[in-house]
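Worksheet for the structure shown next.
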Amino acid sequence: MSKLVSAVQNSLREIILAAAVKAAAAGSLPAVAEGSFNVETPADRANGDLSANAAMAWARELRMPPRKIADAIAANLDLDGTYFERCEVAGPGFMNFFLSPAYYGDIVKDILDKGDDYGRSDYGKGQRINVEFVSANPTGPMHMGNARGGALGDCLAALLDFAGYDVCREFYINDAGNQIEKFGLSLDIRYRQIFEGEDSVELPEDSYHGEDIKERAQEFADLYGDKYMSVSEEERRKALVDYALPKNIAAMEANLTKYRIKYDVWFKESVLHNDGELAETLNIMKEKGLTYEKDGALWYRATEHGGEKDEVLVRANGNPTYFAADIAYHRNKFAVRGFDRAIDIWGADHHGHVARMKGALDAIGLDGSKLDVILMQLVRLTRDGEVVRMSKRSGKAITLVDLLEEIPIDAVRFLFNMREPASQMEFNLSLAVEQSAQNPVYYCQYAHARICSIFKKLASEGIEPRACTDSELQRLTAPEEQELIRHLSMLTDEIISAAKNYDPARITRYTVDLATLFHKFYNACRVKCDDEALMQARISLCQCVRNTIKNVLSMYKITVPEVM
RNA sequence: GUCUCCGUAGCUCAGCAGGAUAGAGCGUUCGCCUCCUAAGCGAAAGGCCGGAGGUUCGAAUCCUCUCGGGGACGCCA
């Protein structure tokens with residue numbers, strides 16, 4: 001919470017308590033109540049700027065009707081020298097306080113002082129937090145789930161950074177295990193089909209059938225010809241994987257860069273296998289008696305650690321499972337790299353994995369509660385009101401690349417962060433490309449561009465912004481001005497709440513609301529006017545709005561155009 | 001069957017550490033540029049907050065049950 005805003009809220013509590021003590025001393029209250037009460041911002045401005053429910057909260061304790069308590073307190077209030085102008089008792093016993101123009105002026109001054117740092121706080125100071133997101137399977141193209149996960153993860157990381165956490169953005173590359181074998185097999189068959197004909201070898205049902213596999217096999221054939229037809233299957237598959245996997249990973253990185261996502265760490269699963277960390281983790285589990293052997297496989301006693309059934313760690317064929325590697329991976333995050341907290345963003349289809357992962361961490365002596373998993377629900381794409389399943393061009397499921405080709409990055413990043421992760425959201429393709437006010441991202445950018453335009457216009461007439469005096473800023477008394485300032489003042493608090501709840505959508509909504517309040521102000525109050533002092537005060541307010549929009553949009557790596 | 005997410009205006013969704021008359025956008029109807037960007041603003045219409053109990057001075061919000069929809073329950077990842 002902005003220091004000023006929280007200071008004012010706290011001071012109000014003290015003012016009320018002091019008045020209650022005075023009222024009790026004067027005999028208009030039977031005693032000084034001890035129960036807690038809330039100070040909050042009423043939905044309807046007519047009910048004041050801040051409202052306290054003390055009288056209602058104390059009614060039972062004091063055995064007195066709430067209205068009478070409120071009247072007694074109100075009569076004993078001392079508002080001299082505070083930001084409060086007056087208090088009204090209303091409704092069932094609310095005490096509604098109205099802030100003075102000095103408060104609004106000071107908020108504007110505070111925001112201008114903070115500039116590009118406005119909204120930042122040290123709330124999460126000293127906390128190292130790892131945010132792992134997308135982590136798409138490197139055997140094929142990234143899909144819509146990765147698109148949502150990318151926007152969500154990157155913006156969440158940005159939010160945590162803004163709230164003062166030390167954030168590490170991480171991509172986990174599943175470059176080992178079953179799927180890589182399947183990848184090699186699929187590439188192998190496509191490669192052989194090039195030389196032996198389409199019908200020579202059949203692709204098994206559960207292998208990768210995508211066009212991307214064919215393309216990689218063809219590239220490989222273009223490079224090496226049929227040279228690998230004569231070597232062993234094992235050698236050929238290895239060569240194919242060694243060729244195709246780095247290509248795929250590089251492609252993912254390039255596409256994510258286009259999406260404005262830059263990772264601090266690309267963590268390879270294979271490292272866990274090769275450096276012995278996986279074996280080490282399995283040994284720890286064995287030593288702790290967490291495992292047993294059955295049917296040739298190594299099992300984890302998950303049922304003894306909150307799981308519904310035991311899980312295989314090492315298959316009968318000697319290959320460790322994804323789960324085993326994932327335990328080693330999370331052990332690495334906490335025990336090796338020492339993160340205070342780790343956030344994983346997974347598709348909702350992984351939800352069954354959450355409890356057993358946390359349980360396993362607890363079982364090996366780490367704290368599973370330090371792991372937070374955000375489960376994302378599916379995205380439903382629509383165009384002109386119809387559900388879209390396939391890409392028109394490829395006929396296959398729409399990929400991240402398809403999406404970024406069709407929709408501006410600003411819109412994708414913003415729209416994916418309009419809804420909470422857990423909601424099954426609809427992504428309206430026609431709206432996303434539309435450059436109109438219905439598209440919330442343009443609506444916000446437009447407010448910014450409009451302010452820039454005002455400044456340009458003023459500059460062309462020789463009017464430059466200047467610092468305002470306190471009394472000049474106190475000229476901002478129109479309801480539209482005060483609403484706008486009030487909303488501006490909430491930014492830091494909103495960012496902290498959003499960070500705490502892992503909910504970047506809170507901030508996109510905040511920004512839309514800010515744009516709305518600005519547009520209302522714009523229509524109600526002319527900036528350029530004959531009253532020089534008032535004009536400069538309004539210019540200051542516009543600077544606050546412009547800065548704030550810029551701070552939040554650029555936090556989410558969304559551009560802030562000066563002209564639209 | 002077990003677990004999980006979701007049911008709020010015609011549509012897409014806010015609100016949910018309980019608070020005053022339940023909000024926004026789209027869509028519908030009607031207004032506002034001789035004046036800083038009309039990609040804007042204003043007004044009207046539109047609701048048993050899925051249903052039933054309970055807790056409370058007070059419930060869209062908390063608890064229990066129930067109905068409807070999505071998803072998950074592999075020696076896949």
Side-chain angles (χ1 to χ4, degrees), chain A residues 38 40 42-44 46-47 51 53 56-57 59-60 65-66 90-94 96 135-137 139 172 174 177-180 182 206 269 294-299 308-309 311-326 346-355 375-378 380 382 385 418-428 431 434-440 442-447 449-458 460-461 463 480 497 505-506 509 512-513 515-516 518-529 535 538-539 542 563-564:
Chain A
N38 293 326
E40 56 190 24
D44 186 346
N47 292 322
S51 176
N53 67 348
M56 283 126 82
R60 174 176 289 204
F94 287 104
N96 298 329
S135 297
N137 193 327
T139 56
Y172 182 51
N174 298 121
N178 233 355
Q179 59 185 351
I180 293 300
K182 215 188 281 178
D206 67 339
E269 181 187 343
K294 193 183 89 181
D295 304 331
L298 182 71
W299 292 73
E308 290 199 358
K309 54 187 187 314
E311 305 284 341
V312 172
L313 293 172
V314 181
R315 299 185 184 89
N317 66 12
N319 291 336
T321 59
Y322 165 84
F323 182 48
D326 221 20
W346 295 347
D349 53 339
H350 287 65
H351 96 93
H353 189 56
V354 179
L375 295 175
M376 275 187 320
Q377 293 290 331
L378 292 178
R380 193 170 69 242
T382 62
M418 286 284 290
R419 306 272 172 259
E420 285 175 41
S423 71
Q424 297 157 224
M425 74 176 290
E426 176 173 315
F427 192 101
N428 186 332
L431 175 61
E434 201 172 308
Q435 303 209 1
S436 77
Q438 280 110 287
N439 188 338
Y442 289 108
Y443 181 78
C444 296
Q445 290 175 324
Y446 180 61
R450 219 176 193 185
I451 295 169
C452 293
S453 167
I454 295 172
F455 289 164
K456 252 175 251 166
K457 178 81 179 176
L458 289 170
S460 75
E461 298 180 19
I463 301 166
E480 290 82 4
S497 296
R506 224 182 148 102
R509 277 184 240 118
V512 172
D513 289 345
T516 300
F518 172 74
H519 291 310
K520 282 179 199 245
F521 156 79
Y522 177 88
N523 277 275
C525 309
R526 283 190 62 81
V527 177
K528 189 176 150 245
C529 58
M535 175 174 71
R538 286 180 173 163
I539 289 173
C542 286
V563 180
M564 286 175 76

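Naming: A, B, ... by sequence-line order, numbering from 1 per chain. The figures here come from the full heavy-atom set of this structure, side chains too, leaving out hydrogens, waters and symmetry mates. Just so we're clear, the structure is a prediction, and the values are computed from it rather than from any experiment.
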Mind checking salt bridge (charged side-chain N to carboxylate O under 4.0 Å, His left out) for A:Lys528 and listing every partner two or more places apart, or none if nothing turns up?
A:Glu461

Mind checking what makes ring-ring contact (aromatic ring centres under 6.0 Å, His included) contact with A:Tyr446, not counting sequence neighbours?
A:His519

At less than 4.0 Å, is any side-chain N or O atom of A:Tyr443 found next to OP1 or OP2 of B:C41? Yes or no.
yes

By salt bridge (charged side-chain N to carboxylate O under 4.0 Å, His left out), A:Arg538 pairs with (sequence neighbours left out) A:Glu481

Measure NZ/A:Lys528 against C1'/B:U34 and give the value in whole Å, please.
13 Å

Can you sort out the partners of A:Ser497 under side chain to side chain contact (heavy atoms under 4.5 Å, CB included), two or more places apart, ordered by chain and number?
A:Asp493, A:Asn501, A:Arg506

Across all chains, not counting sequence neighbours, the ring-ring contact (aromatic ring centres under 6.0 Å, His included) partners of A:His353 are A:Tyr322, A:Phe323, A:Trp346

How do A:Asn523 and A:Phe455 order along RNA chain B: which one's closest nucleotide is nearer the 5' end?
A:Phe455

For B:C76, does OP1 or OP2 lie under 4.0 Å from any side-chain N or O of A:Asn178?
yes

Tell me whether the OP1 or OP2 atom of B:A77 has a side-chain N or O from A:Arg315 closer than 4.0 Å.
yes

Which residues share a side chain to side chain contact (heavy atoms under 4.5 Å, CB included) with A:Ala449, sequence neighbours left out:
A:Met564

Report, one pair per line, the protein and nucleotides 1-4 of chain B atoms (nitrogen or oxygen only) whose separation is under 3.5 Å.
unit_1	atom_1	unit_2	atom_2	d
B:C3	O2	A:His351	NE2	3.2

Extract the stems that RNA chain B is part of, considering only consecutive pairing runs of at least three Watson-Crick or G-U wobble pairs, both distances under 3.5 Å.
B:1-7 with B:67-73, B:10-13 with B:23-26, B:28-32 with B:40-44, B:50-54 with B:62-66

Hey, is the side chain of A:Lys520 poking within less than 4.0 Å of OP1 or OP2 on B:G42, counting only N and O atoms?
yes

Counting primed atoms, P, OP1 and OP2 as sugar-phosphate and everything else as base, the B/S/- map of nucleotides 7-15 of chain B against protein heavy atoms under 4.0 Å is -----SSSS

When syn is taken as a glycosidic angle within 90 degrees of 0, is B:A17 syn or anti?
syn

When we call it a touch if two heavy atoms are under 4.0 Å apart, what does A:Asp513 touch: a base, just sugar-phosphate, or nothing?
nothing

For B:G74, does either OP1 or OP2 sit under 4.0 Å from a side-chain N or O belonging to A:Tyr322?
no

At their closest point, which heavy atom of A:Asn428 faces which heavy atom of A:Leu431, and how far apart are they?
OD1-N, 3.0 Å

A:Ser135 versus A:Tyr172, closest heavy-atom pair with distance:
OG-N, 3.0 Å

Applying ring-ring contact (aromatic ring centres under 6.0 Å, His included), name anything that partners A:Phe427, two or more places apart in sequence or on another chain.
A:Phe416

Please confirm whether any donor atom in the side chain of A:Ser51 sits under 3.5 Å from an acceptor in the base of B:A20, or the reverse.
yes

If you check every side-chain atom of A:His519, which of B:C36, B:C41, B:A77 has the closest atom?
B:C41

Syn or anti for B:C33, with syn set at within 90° of 0?
syn

Residues forming a salt bridge (charged side-chain N to carboxylate O under 4.0 Å, His left out) with A:Arg315, sequence neighbours excluded:
none

With sequence neighbours excluded, residues passing salt bridge (charged side-chain N to carboxylate O under 4.0 Å, His left out) with A:Arg509:
none

Closest to the 5' end of RNA chain B, once A:Cys525 and A:Glu40 are matched to their nearest nucleotides, is A:Glu40

Backbone N/O of A:Met56 and side chain of A:Asn53: donor-acceptor pair under 3.5 Å
no

Can you figure out which of B:A77, B:C36, B:C73 approaches the side chain of A:His353 most closely?
B:A77

Out of B:C73, B:G19, B:A77, which nucleotide sits closest to the side chain of A:His350?
B:A77

Nearest-Å distance for atom pair CZ/P, residues A:Phe323 and B:A72:
20 Å

Starting at atom CZ of A:Arg450, determine the distance to atom C1' of B:U37, rounded to an integer number of angstrom.
6 Å

So, is A:Asn174 close to the B:A77 phosphate, meaning a side-chain N or O under 4.0 Å from OP1 or OP2?
no

Tell me if a side-chain donor or acceptor on A:Thr321 pairs with a main-chain N or O of A:Leu313 at a distance below 3.5 Å.
yes

